[in-house]
Amino acid sequence: MKIEAMTVAILAGGMATRLGAIASRIPKSLVQVGGEPFISHQLRLLQKNGVRSVVLCVGHLGGMIESAVGDGSAWEMRVRYSLDGPVPLGTGGALSKALPLLGDAWFVLYGDSYLAVDYAAVADAFERSGMPALMTIYENRGAWDRSNVAFDGDRITTYDKHGAASDLRFIDYGLGIFTAGALAGRSGAFDLSEVQMELVSQGKMAGYVAADRFYEIGSPAGLRELESLLTTNA
């Protein structure tokens, strides 16, 4: 699988409760960062990394995202949409519903994540692994949030979403790759972490260590950090 053939699914259906009034009337993807909606920065970063196909999995106020982004031509890519519908499907359920648009394998990231990683290198690691999924991780050592992953240099050996264990060094970076088979037989509302934990328990989750930290706009503090980064690099 090569990066040119890949699609990126962006999970953008969340309610943005931690942002409070900042996102009370707009979806998180449209929160202003450095004078632009966050989704603009996210799509520009993906385009820079060779991505040309995106599926936005939307729910809460998703129509506003579609109106702002359109078909993606402003970023020289194709953007399509998968809607939760009247009932929230969760991160896993949203991906399952979007399967007809996603092909055989795809990246998945969250609608509040800004991940300046080498996407082609991540795709290459996945291809070489021969596994049905890959989790990008960062050697966090508790710096940004609780570490929740153990990695043996080849595959993920532990994934504890809540970071309860104290001896873990890595954290889920928020960027994964999945094959359609990894979600086979699942439907309705469910969390993607259920799939990840099952694959890890079966020894079927490859890993890739990102060199640089992740950024996110899920909280006011995270929003300020990303704005500072983008302003510095402008």
Side-chain angles (χ1 to χ4, degrees), residues 6-84 88-91 94-95 98 101-102 106-119 122 136 138 140 144-145 171-177 192 210 212-234:
M6 289 192 63
T7 293
V8 174
I10 300 179
L11 297 168
M15 297 290 288
T17 53
R18 288 189 297 155
L19 285 175
I22 297 173
S24 61
R25 297 183 179 180
I26 60 172
K28 194 164 17 178
S29 291
L30 298 185
V31 167
Q32 293 286 306
V33 182
E36 287 186 275
F38 174 68
I39 188 71
S40 296
H41 298 286
Q42 200 173 41
L43 293 177
R44 190 179 300 120
L45 178 64
L46 292 175
Q47 196 273 346
K48 180 180 176 182
N49 277 276
V51 174
R52 297 294 180 268
S53 175
V54 168
V55 173
L56 276 163
C57 299
V58 297
H60 176 62
L61 302 177
M64 295 178 69
I65 299 175
E66 187 169 359
S67 295
V69 174
D71 63 3
S73 56
W75 295 271
E76 299 180 0
M77 59 173 58
R78 181 189 187 192
V79 176
R80 292 169 291 168
Y81 300 85
S82 179
L83 282 65
D84 271 8
L89 294 176
T91 51
L95 277 180
L101 303 176
L102 293 174
W106 62 90
F107 278 117
V108 60
L109 57 85
Y110 294 93
D112 60 2
S113 298
Y114 188 84
L115 308 175
V117 67
D118 186 339
Y119 288 73
V122 179
T136 307
Y138 176 70
N140 178 61
W144 308 110
D145 205 338
I171 191 170
D172 179 3
Y173 189 72
L175 177 71
I177 298 178
L192 186 58
D212 298 314
R213 61 157 292 193
F214 52 88
Y215 290 83
E216 52 79 27
I217 63 159
S219 66
L223 182 59
R224 289 192 297 270
E225 284 184 332
L226 179 59
E227 193 147 33
S228 176
L229 173 75
L230 294 175
T231 301
T232 301
N233 293 339

Mutual orientation of the aromatic rings belonging to Tyr173 and Tyr138 [parallel < 30°, tilted 30-60°, perpendicular > 60°]: tilted
Tyr114 side chain near Leu230 side chain, heavy-atom distance below 4.5 Å: yes
Over all atoms of both residues, closest heavy-atom pair of Ala9 and Leu95: CB-CD2, 3.7 Å
Whether Glu227 side chain and Gly34 backbone form a donor-acceptor pair below 3.5 Å: yes
Side chain to side chain contact (heavy atoms under 4.5 Å, CB included) between Phe38 and Leu223, worked out: CA-CA 10 Å; Phe38 174 68; Leu223 182 59; over 6 Å; no
Ser67 OG to Leu61 CG distance, which is reported to the nearest 0.5 Å: 11.0 Å
Which residues share a side chain to side chain contact (heavy atoms under 4.5 Å, CB included) with Gln47, sequence neighbours left out: Arg52, Glu76, Met77
Main-chain N/O of Ser73 paired with Asp71 side-chain donor or acceptor, under 3.5 Å: yes
Backbone N/O of Glu36 and side chain of Gln32: donor-acceptor pair under 3.5 Å: yes
Expected output: side-chain Ser228 to main-chain Arg224 donor-acceptor under 3.5 Å: no
Where Ser82 and Ala94 come nearest, the two heavy atoms and their spacing: OG-O, 4.3 Å
Interatomic spacing from OG in Ser219 to CD in Glu225 - rounded to 0.5 Å: 7.5 Å
Rounded distance [0.5 Å steps], CD1 in Ile65 versus CD1 in Ile26: 9.5 Å
Test item: Ile39 and Leu30 side chains (from C-beta on) under 4.5 Å apart, heavy atoms: yes
Side chains of Thr136 and Phe214 in contact at under 4.5 Å (non-hydrogen atoms): no
Reported CD-to-CG distance for the pair Glu216 and Leu109, which is rounded to 0.5 angstrom: 13.5 Å
Within-4.5 Å side-chain heavy-atom neighbours: Val69 and Val54: no
4.5 Å side-chain heavy-atom contact, Val55 and Leu102: yes
Ile10 side chain near Leu46 side chain, heavy-atom distance below 4.5 Å: yes
Backbone of Leu89 reached by a side-chain donor or acceptor of Asp84 within 3.5 Å: yes
Qualifying residues under side chain to side chain contact (heavy atoms under 4.5 Å, CB included), relative to Arg78, sequence neighbours excluded: Arg80
Shortest non-hydrogen contact between Leu45 and Leu115, atoms and distance: CD2-O, 3.3 Å
Validation row: Leu192, Tyr110 side chains within 4.5 angstrom (heavy atoms): yes
Reported CD-to-CG distance for the pair Gln42 and Asp112, which is rounded to 0.5 angstrom: 8.0 Å
